[in-house]
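Only a predicted model underlies this, so the values are computations on that prediction, with no experimental measurement involved. We name chains A, B, ... by the order of the sequence lines, and we start the count at 1 in each one.
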Amino acid sequence: MSAVMITRKVRKWEKLPGKNTFCCDGRVMMARQKGVFYLTLFLIVGTCSLFFAFECPYLAVHLSPAIPVFAVLLFLFVMAMLLRTSFSDPGVLPRALQEEATFIEMEIEAANGNVPAGQRPPPRIRNVQINNQIVKLKYCYTCKIFRPPRASHCSICDNCVDRFDHHCPWVGNCVGKRNYRYFYLFTMSLSLLTIYIFTFNIVHVVMRSVDKGFLNTLKETPGTVLEVLVCFFTLWSVVGLTGFHTYLISLNQTTNEDIKGSWSGKNRVQNPYSHKNIVKNCCEVLCGPTYPSVLDRRGLMHEDSVCSCSICYMHHHHHHFEQLQQQQQQQPSATNHETHSSTHPQ
Amino acid sequence: MKLLPLGVRARLHACPHACTHARTRARASSSPARLYSRVVPHSSSTNGCRFQHGTDPAPFHCNMATEFHNLQELRHSASLVTKVFIQRDYTDGTVCRFLTKFPSELDNRIERTLLEETVKTLNSYYVEAEKIGGQSYLEGCLACATAYIIFLCMETRYEKVLKKISCYIQEQNEKIYAPRGLLLTDPIERGMRVLEISVFEDRGSGSSSPSSSISSAGSSAR
């Protein structure tokens, strides 16, 4: 018995399909392209540190010490929301395992009946009725499932995401059911922070200019110019985004549905998920239950490529293990125990 | 009561991790029916027995979870015939609900009422988990006020209900489904998309191997 017996624990995130990157042993889940996310981090942290370095000492003394304190709290909240949005699972739906995929295929074939040769088979759509509205569920060829209502497949992350809103490069992740409220709180708190810094920059420049003149002020606190520039451009985009998402939340729509015009009112189609009441819609989206992740990232792979069965420890042969590994590579999600028991002495 | 094939008995003897009481009793007992009763997890007797097959003792709060996992592993040695999937019911929106329609493949395996009862109870659990009311608002506002850091220490209501569901499914499997050669899989392991029911070969009909005599002895013992 050589050291062929792999006892390294393989966690499920290492074998997940899709184009996500995982950190901290599966605790953190992000998209592959993270460049813009680093830019976001840099802008926020950079601008805030300039604010704390240049403006806060003056304002704390001349106006009130509550100003930097509130800025710190707001900054921490923004960072917490950003990290939570970026690092959490947006609501990825796991792909169908072999048996489920086969079952669905059989159902589709039964529903479609016999297609004459040469004709394209009809598109795979399932109609369900939700609140007296017919909603079409599309079949996802990558994930081999009929997508639940409001789910959509993100091509960047190569996953089906429940209540898919959009893929946000600034955050480096998809925005879906599980992290939408964090995303919204992030944009809202960032708007507040931007407005706050912008306002107090102006106040600071005005107050100092009264004493020392405008140009001297700029010379003393060069960071102010930079901050004002960043805040000015950020303001328009972030405040606009917050306003847009507030509108979507009040109607209980996702960005995806808005862009596609799913509930625009054509053909008497209405949003079946809306409670027709702004307060109720907001409460559902923001104060609804916190859905758990159905993607078990940190679970251990006990049935798959790591042969950790104790009987294998006793009776295993090296070549059999390699055989298993090869099989494993072909069928990443099939359970291997059937092959185990068939080869073990009975 | 379904019996496991002889291969499983061999596994018990060979398992280096088996706790001593299982091993000694296995050697001592002659009746396979009693052997099976050691193997099948009963929360009263086997709480201490960590029948590990190299699986990491993940911190299951429900003690039955580890034993159920073993039941599942052992089940793999019985031959799987097919899997039946109960789909989601979207008539009420995106709330988690499963169809109570009885799948025709299970016609002669289980009574309709039992399966319907299970699905209805599961649906009620999910409704409880996703209920938007006073408690969920309180939880949401408190969490928001602490920038959601409180979720690192506190368990959300949904997670508590999921644990209850997991225990309920294990209990149903032991009492109702395993004796009929069926096995329910917790929907959370399938992305809350389907309720998977694994259908195993009906060993009650017997086979040519010695296990047939064992199964008849076992059934008479029960």
Subject >> Heavy-atom closest pair, residues B:I132 and A:P289 >> reply: CG1-CD, 4.0 Å

**OP:** Select one option (side chain, backbone, both, neither) describing which atoms of A:D296 are under 4.5 Å from chain B's heavy atoms.
**Re:** neither

Original post:
Taking the side chain from B:R193 and the backbone from A:F146, do they hold a donor-acceptor pair closer than 3.5 Å?
Top reply: no

Original post:
Non-hydrogen atoms of chain B under 4.5 Å away: do they reach the side chain of A:R95, the backbone, both or neither?
Top reply: backbone

Original post:
Measuring heavy-atom distances to chain B, does A:L295 have an atom under 4.5 Å in its side chain, in its backbone, in both, or in neither?
Top reply: neither

Original post:
Would A:T290 and B:E159 satisfy side chain to side chain contact (heavy atoms under 4.5 Å, CB included), going step by step from the backbone distance to the final call?
Top reply: CA-CA 9 Å; A:T290 41; B:E159 282 166 5; over 6 Å; no

**OP:** Check the pair A:R126, B:Y90 against side chain to side chain contact (heavy atoms under 4.5 Å, CB included), reporting the backbone distance first and the verdict last.
**Re:** CA-CA 11 Å; A:R126 196 184 265 177; B:Y90 292 116; over 6 Å; no

Subject >> Closest contact, heavy atoms only, B:L162 versus A:P292 >> reply: CD1-CG, 3.3 Å

Subject >> Distance-minimising heavy-atom pair for B:S136 and A:C287 >> reply: OG-O, 3.5 Å

Original post:
Of all of A:T102, A:I130, A:I104, A:V92, which one pairs up most often with chain B through heavy atoms under 4.5 Å apart?
Top reply: A:I130

**OP:** Identify the heavy atoms of B:A147 and A:A80 that sit nearest to each other, and give their distance.
**Re:** CB-CB, 3.9 Å

**OP:** Below 4.5 Å from any heavy atom of chain B, which atoms of A:L76 appear? Answer side chain, backbone, both or neither.
**Re:** neither

Original post:
Any chance NZ of B:K160 has more than 12 other-residue heavy atoms, nucleotides or ligands included, within less than 6.0 Å?
Top reply: yes

Subject >> chain A contact via B:E196 - side chain, backbone, both or neither, heavy atoms under 4.5 Å >> reply: neither

Original post:
Between the main-chain N or O of B:T94 and the side-chain N or O of A:R150, is there a donor-acceptor pair closer than 3.5 Å?
Top reply: no

Subject >> Leading residue by heavy atom contact count with chain B [cutoff under 4.5 Å; candidates A:K177, A:Q129, A:R298] >> reply: A:Q129

Original post:
Checking heavy atoms, do the side chain of A:P148, its backbone, both or neither come under 4.5 Å from chain B?
Top reply: both

**OP:** For atom CD of A:Q133, decide whether the heavy atoms of other residues, nucleotides or ligands shown that lie under 6.0 angstrom number more than 12.
**Re:** yes

Subject >> Least distance between heavy atoms, A:F77 atom then B:C144 atom >> reply: CE1-O, 3.4 Å

Subject >> Contact winner vs chain A - B:R190, B:R157, B:E139, heavy-atom pairs under 4.5 Å >> reply: B:R190

Subject >> pair B:F85-A:E107: side-chain heavy atoms closer than 4.5 Å >> reply: no

Original post:
Does A:I278 CD1 have over 12 foreign heavy atoms under 6.0 Å away?
Top reply: no

Original post:
Counting only heavy atoms not in A:F70, do more than 12 fall under 6.0 Å of its CZ?
Top reply: no

**OP:** Sort B:A129 into side chain, backbone, both or neither according to what part of it lies under 4.5 angstrom from a heavy atom of chain A.
**Re:** backbone

Original post:
Taking every heavy-atom pair that is under 4.5 Å apart, which of B:G140, B:G93, B:G191, B:C141 has the most such pairs with chain A?
Top reply: B:G191

**OP:** Kindly compute the distance separating NZ (B:K83) from CD (A:Q98), expressed to the nearest 0.5 Å.
**Re:** 10.5 Å

Original post:
For A:R147, is it the side chain, the backbone, both, or neither that has a heavy atom closer than 4.5 Å to a heavy atom of chain B?
Top reply: neither

**OP:** Compare every heavy atom of B:Y148 with every heavy atom of A:M81, then report the nearest pair and how far apart it is.
**Re:** CE-CD1, 3.2 Å

